[in-house]
**Q** 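Here it is: the structure, laid out below.
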Amino acid sequence: MKKLNLWLLAIFALSALTFTACDDDDDTDPIPEPTTIVSFAQNSDDYTILAEAVVAAGLDGVLSGTGPFTVFAPDNAAFQALLDSNPDWNTLDDIPEATLTAVLTNHVLGGEVTSSDLMAGYYSTLSATGFGDATTSLYVNLDNGVVLNGGPEVVAPDVDVDNGVIHGIDAVILPPTVVDFATSNPALSSLVAALTRSDLSTDFVGALSGEGPFTVFAPSNAAFQALLDSNDDWNTLNDIPVGTLEAVLSYHVSSGVNARSSDLSDGMMVSTLAEGATLEVDLSNPDAPQIVGGSSTATVVLADIQGANGVVHVIDTVLLP
């Protein structure tokens with residue numbers, strides 16, 4: 001009997017070992033494929049058109065890479081609104097590939113930036129502008145949610161994927177003009193008010209929304225306030241004689257050139273839209289580049305805000321012809 005019990009115990013132990021081994025085999029699952037920006041869009045009901053657009057533009061390889069990337073992802077309704085905006089665009093196939101690529105890369109930042117890491121200001125995108133190796137800027141406004149270039153809003157933040165983060169947005173971000181940067185930045189609201197004054201004979205907004213290229217030296221709100229404070233008769237921009245204001249605004253724009261800071265040299269003269277008037281570049285202090293115009297001198301406080309049709313440099317003083 002004792003031998004029989006030992007034999008049964010041995011069989012039981014062997015059986016237990018066999019079942020344990022089988023359980024271990026069953027628990028060994030294949031390593032899951034990483035979820036990339038592209039695979040997430042392809043498998044999401046909300047971003048299928050974005051996925052199709054990425055493939056059509058040949059960007060699926062890049063956005064399936066290691067990254068990390070931050071993508072502001074237009075949903076299907078946003079892409080449909082883009083198609084509806086042009087009578088020649090019925091499907092993505094109708095959008096020229098170069099245009100589609102420029103638009104899509106304008107939605108992508110290098111590096112991973114979550115909603116809690118976003119700060120108000122300008123970010124460089126992956127979108128090339130055609131001006132050398134310059135890349136388009138993207139302005140983020142946090143005054144009321146997250147608003148991009150004055151229009152599209154983040155509606156579905158912080159979708160985490162293995163090669164970055166996705167923020168769903170409600171409209172497609174079009175390649176920005178120099179006007180877009182002025183209208184989207186609250187710190188340039190005085191410049192916008194000046195450019196859009198109803199009695200101007202020049203349509204500055206229409207002109208600066210054109211093909212360009214333009215280089216714009218954009219006075220800050222504080223710069224315009226200092227201009228108003230310099231004349232007892234000027235309480236608002238509407239008090240400045242229209243001819244004077246037009247001359248001043250023209251003096252801050254150079255047409256036909258996309259002059260980034262790296263293109264400027266000490267003593268360089270920059271032509272302007274103001275007839276016969278030029279600006280001089282002063283780089284004697286490289287840490288505080290200055291623009292000299294007439295009897296006024298302005299310091300560049302923020303350089304190289306790159307748009308699709310030109311570049312903006314924010315200055316701290318209104319230049320007077």
Side-chain angles (χ1 to χ4, degrees), residues 131 177-183 185 187-231 233-234 236-286 288-307 309-321:
F131 303 115
T177 66
V178 293
V179 171
D180 292 328
F181 288 132
T183 56
N185 187 347
L188 299 177
S189 59
S190 294
L191 173 61
V192 174
L195 291 170
T196 57
R197 211 174 99 171
S198 60
D199 58 347
L200 295 178
S201 62
T202 301
D203 179 11
F204 284 101
V205 172
L208 294 175
S209 298
E211 184 176 350
F214 303 102
T215 299
V216 178
F217 298 98
S220 64
N221 289 349
F224 271 104
Q225 187 58 54
L227 174 65
L228 295 176
D229 293 342
S230 71
N231 190 313
D233 295 328
W234 295 350
T236 72
L237 290 172
N238 290 329
D239 296 325
I240 301 176
V242 64
T244 300
L245 185 60
E246 287 191 332
V248 167
L249 293 174
S250 298
Y251 199 39
H252 290 74
V253 180
S254 181
S255 180
V257 60
N258 186 85
R260 293 175 62 82
S261 57
S262 58
D263 300 318
L264 302 177
S265 58
D266 190 40
M268 178 180 178
M269 303 303 294
V270 180
S271 62
T272 72
L273 294 183
E275 186 174 354
T278 59
L279 301 172
E280 182 179 359
V281 178
D282 180 359
L283 299 182
S284 56
N285 181 358
Q290 295 184 317
I291 306 298
V292 181
S295 60
S296 50
T297 300
T299 299
V300 176
V301 295
L302 185 59
D304 297 334
I305 304 167
Q306 184 64 61
N309 70 339
V311 65
V312 177
H313 307 289
V314 179
I315 56 178
D316 66 354
T317 303
V318 175
L319 300 167
L320 302 177

**Q** Looking at every non-hydrogen atom in both residues, tell me the closest pair between Thr202 and Glu246 and how far apart they are.
**A**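 For Thr202 and Glu246, the tightest heavy-atom pair comes out as N-OE2, 3.1 Å.
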**Q** To the closest 0.5 Å, what do you measure between OG1 (Thr177) and CG (Leu208)?
**A**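 Result: 8.0 Å between the selected atoms.
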**Q** Supply the atom-to-atom distance Asn258 CG to Gln306 CD, rounded to the nearest 0.5 angstrom.
**A**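 Between atom CG of Asn258 and atom CD of Gln306 there are 4.0 Å.
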**Q** State, yes or no, whether a side-chain contact exists between Thr297 and Asp282 at a heavy-atom distance under 4.5 Å.
**A**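 No; the side chains remain at least 4.5 Å from each other.
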**Q** For the pair Thr215 (side chain) and Val311 (backbone), establish whether a donor and an acceptor sit closer than 3.5 Å, ignoring hydrogens and angles.
**A** no
**Q** Just wondering, do Leu249 and Leu191 contact through their side chains at under 4.5 Å, heavy atoms?
**A** yes
**Q** Are the side chain of Asp304 and the backbone of Ser261 linked by a donor-acceptor contact shorter than 3.5 Å?
**A** yes
**Q** Please assess Phe217 against His313 for the test ring-ring contact (aromatic ring centres under 6.0 Å, His included), listing each intermediate value before the final yes or no.
**A** CA-CA 5 Å; Phe217 298 98; His313 307 289; 5.6 Å; yes
**Q** Which atom names give the shortest non-hydrogen contact between Val242 and Asp199, and what distance separates them?
**A**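 Closest approach of Val242 to Asp199: CG2-O, 3.4 Å.
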**Q** Give the minimum heavy-atom separation between Phe224 and Pro219, together with the two atoms involved.
**A** CE1-CB, 3.7 Å
**Q** Taking all non-hydrogen atoms of both residues, which atom of Leu319 and which atom of Ser296 are closest, and how far apart?
**A** CA-OG, 3.4 Å
**Q** Has Tyr251 got a side-chain atom pairing as donor or acceptor with Thr278's backbone, closer than 3.5 angstrom?
**A**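 Checking the backbone N and O of Thr278 against the side chain of Tyr251, a donor-acceptor pair under 3.5 Å is found.
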**Q** Taking the side chain as C-beta and beyond, is there a heavy-atom pair between Glu211 and Asn309 under 4.5 Å?
**A**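 With C-beta onward as the side chain, the pair stays apart.
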**Q** Taking all non-hydrogen atoms of both residues, which atom of Ile240 and which atom of Arg197 are closest, and how far apart?
**A**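 It is O-NH1, 2.8 Å.
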**Q** Within the 3.5 Å criterion, strictly below it, is a donor on Gln225 or Asn221 matched to an acceptor on the partner's side chain?
**A**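 The answer is no; no qualifying pair exists.
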**Q** Hey, is the main chain of Leu283 close enough, under 3.5 Å, to the side chain of Asp266 for a donor-acceptor pair?
**A**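 Yes; at least one donor-acceptor contact below 3.5 Å.
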**Q** Which heavy-atom pair separates Leu245 from Leu200 by the least distance, and what is that distance?
**A** CD2-CD2, 4.2 Å
**Q** Listed by chain and number, what are the ring pair (Phe, Tyr, Trp, His ring centres under 6.0 Å) partners of Phe181, not counting sequence neighbours?
**A**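 For Phe181 the ring pair (Phe, Tyr, Trp, His ring centres under 6.0 Å) partners, ignoring immediate neighbours, are Tyr122.
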